[in-house]
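Values in this document were obtained by computation on a predicted structure and should not be read as measured data. For the numbers below, each heavy atom of this structure counts, side chains included, while hydrogens, waters and symmetry mates do not. Letters go in sequence order (proteins before strands), and every chain restarts at 1.
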Amino acid sequence: MTQAPKISFHHNRSLPQAQDLIAWYRDQGRDLPWRHLTHDPYSVWLSEIMLQQTTVVTVIDYFHKFREAFPTVQDLAASPLDKVLHLWQGLGYYSRARNLHKCAQVLVREYQSVFPKTAVELEKLPGIGPYTAAAIASICFDEPAAIVDGNVIRVISRLFQVETPVPQSLPEVRSLAQALTPQEHAGDYAQAIMDLGATICRPKSPLCLLCPWQSACGAAQLGVPEDYPKKEKKAPLPQKYGVFFFYTHGQHFWAERRPEKGLLGGLMAFPSTAWAEDPLPLEVPESFAPYGSEDLQLFEKAVAHTFTHFKLTMQIAQIPVAQADPLSNQGQWIAWSDIDAHAWPTLMKKVFKVIAENYCVGA
DNA sequence: AAACCGTGGTC
DNA sequence: TGACCAAGGTT
């Protein structure tokens, strides 16, 4: 043997004990609004849906708004979808809002408004996948279901120095996560390991000296925690371009509701050209205007926005029209004073900002 | 199964 | 400033 077997390295290392982590959590865990509501699956579910790919700081305000607007799952189910989308505006991933509403209706109609108590049953509901099902089952009902989110992937990849990059490593990580999950106090454990990932075992500058699992962590022992989890390099995002058409009539402008499915589904937007990878010939946007282009005026400033899978740069072209007739059957004339009555994605709020900065009444 | 689906903060 | 990241799910 020219090389020491790996087991000798593991030999000086303790195993991560759930009770050490839970003790740390009870002393050092974060105080979050939904932590006081673990007896209430509705609130835990609501928080978990909002927290999907979204930071705690961002979620807190929305969580309070939703609990106030919809105190019970029946209230949520009885609401028009438009009101749900309106409250959700700005939070992103709008299919979550549509699935949230649908899930509430399924619960009321088929479950007598009572949340199922097992991860297996929870996962059958719309918008609830493996992570969220395990989170609700463990946090509310202490089912020893292993949660695997971004925090857990990072913590486990460092503990065990998982060399396989994400997402190929997921089967291995899931297996380790299940092995670490205790039979008792699974709810505290689930929240503890996420808090550890968020506050100690952070993506950058982890605080290994404060970690209750430091002596069990392979990456920390070697001083290379930030090398894990291993990841594939991401391809650069494609850049897309287009023109928004700002049809105006007096104090009104024309906007349309986007299709129910797909990007920004169900939210409001200006009509536009297709969003294409080729920059448009900016000297002739007239030929692309869907409802006529007399008196078209192109704004100097464009709007840039980055989505999950592409970048977008949009020009804005104002087109005053003489008659306030409907331009299509999927939109409406909206008064400036009535903007807040509708659900606008952040992209459109950026457009409003550019318009407000550049628009001259009577110009 | 790989692509799609938002946004804001950080360095 | 661009790349990365945040309590993922659906198709």
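Atom pair A:L264:CG and B:dC4:P shows a separation of 15 Å (rounding to whole Å applied). Remark: P of B:dC5 and CG of A:L85 are 16 Å apart, rounded to the nearest angstrom. Rounded to whole Å, the distance from CD1 on A:I49 to P on C:dA6 is 19 Å. Rounded to an integer number of Å, the gap from A:Q168 CD to B:dA1 C1' is 12 Å. C:dG2 atom P lies 17 Å from atom NZ of A:K234, rounded to whole Å. Rounded to an integer number of Å, the gap from CZ of A:R96 to C1' of C:dA6 is 10 Å. A:M50 places its CE atom 17 Å from the P atom of C:dA7, with the value rounded to the nearest Å. For A:I147 and C:dG9, the CD1 to P distance is 11 Å, given to the nearest whole Å.
Between the A:T58 side chain and the A:T54 main chain, no donor and acceptor come within less than 3.5 Å of each other. A:W88 places a side-chain N or O within donor-acceptor distance of the main-chain N or O of A:G92, the cut-off being under 3.5 Å.
Residue A:Q52 places its side chain closer to C:dG8 than to any other of C:dA6, C:dG8, B:dG6. With C:dA6, C:dA3, B:dC5 as the choices, the nucleotide that has an atom nearest any side-chain atom of A:K311 turns out to be C:dA3. Residue A:R154 places its side chain closer to C:dC5 than to any other of C:dT10, C:dC5, B:dG6. Side-chain proximity of A:R35 to the nucleotides B:dT7, C:dG9, C:dA7 is greatest for C:dA7.
A:G197 comes within 4.0 angstrom of no nucleic acid atom, judged by non-hydrogen atoms across all strands. A:R258 comes within 4.0 angstrom of no nucleic acid atom, judged by non-hydrogen atoms across all strands. Across all strands, A:L267 comes closer than 4.0 Å to no nucleic acid atom at all (heavy-atom distances). Within 4.0 Å (heavy atoms only), A:W88 reaches no atom of the nucleic acid at all.
Remark: A:E300 CD is loosely packed, at most 12 non-hydrogen atoms of other residues, nucleotides or ligands lying under 6.0 Å away.
Near DNA chain C, meaning a heavy atom under 4.0 Å away, the residues from residues 117-127 of chain A are A:P126, A:G127.
Rounded to the nearest Å, the gap between the P atom of C:dA7 and that of B:dC5 is 23 Å.
With hydrogens and angles ignored, no donor-acceptor pair under 3.5 angstrom links the side chain of A:T54 to the base of B:dG8.
Counting only heavy atoms from C-beta outward, the side chains of A:Y241 and A:D278 never approach each other to under 4.5 Å. Side chains of A:V155 and A:W213 form a contact here, defined as non-hydrogen atoms less than 4.5 Å apart.
In this model, the phosphate group of B:dC4 is not approached by any side-chain N or O of A:H309 to a distance below 4.0 Å at OP1 or OP2. The side chain of A:H305 places no N or O atom within less than 4.0 Å of a non-bridging phosphate oxygen (OP1 or OP2) of B:dG6. Applying the 4.0 Å criterion to OP1 and OP2 of C:dC5, one finds that A:K231 has a side-chain N or O inside that range. Put simply, A:T132 has no side-chain N or O that comes within less than 4.0 Å of OP1 or OP2 on C:dA7. The side chain of A:T346 contributes an N or O atom lying less than 4.0 Å from OP1 or OP2 of B:dT7. A:Y93 has no side-chain polar atom (N or O) that falls below the 4.0 Å cut-off from OP1 or OP2 of B:dC4. Within the 4.0 Å cut-off from OP1 or OP2 of C:dA6, not a single side-chain nitrogen or oxygen of A:Q53 is found. Contact check, A:R202 against C:dA6: no side-chain N or O comes under 4.0 Å of OP1 or OP2.
With A:Y247 as the fixed residue, the ring pair (Phe, Tyr, Trp, His ring centres under 6.0 Å) test singles out one of A:W333, A:Y291, A:F253: A:Y291. Among the candidates A:Q332, A:H86, A:M348, A:R258, the single residue satisfying the side chain to side chain contact (heavy atoms under 4.5 Å, CB included) test with A:M268 is A:Q332.
Of the two residues near DNA chain C, A:K233 and A:A133, the one whose nearest nucleotide lies more 5' is A:K233. Nearer to the 5' terminus of DNA chain B, by closest-nucleotide assignment, is the contact made by A:L347 (compared with the other of A:L347 and A:K204).
The hydrophobic clustering, which links ILVMFWY residues whose side-chain heavy atoms are closer than 4.5 Å, places A:Y93 and A:L264 apart.
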* To do: Give the intermediate values and the outcome of side chain to side chain contact (heavy atoms under 4.5 Å, CB included) for residues A:K311 and A:H305.
  => CA-CA 6 Å; A:K311 296 181 176 186; A:H305 192 72; over 6 Å; no
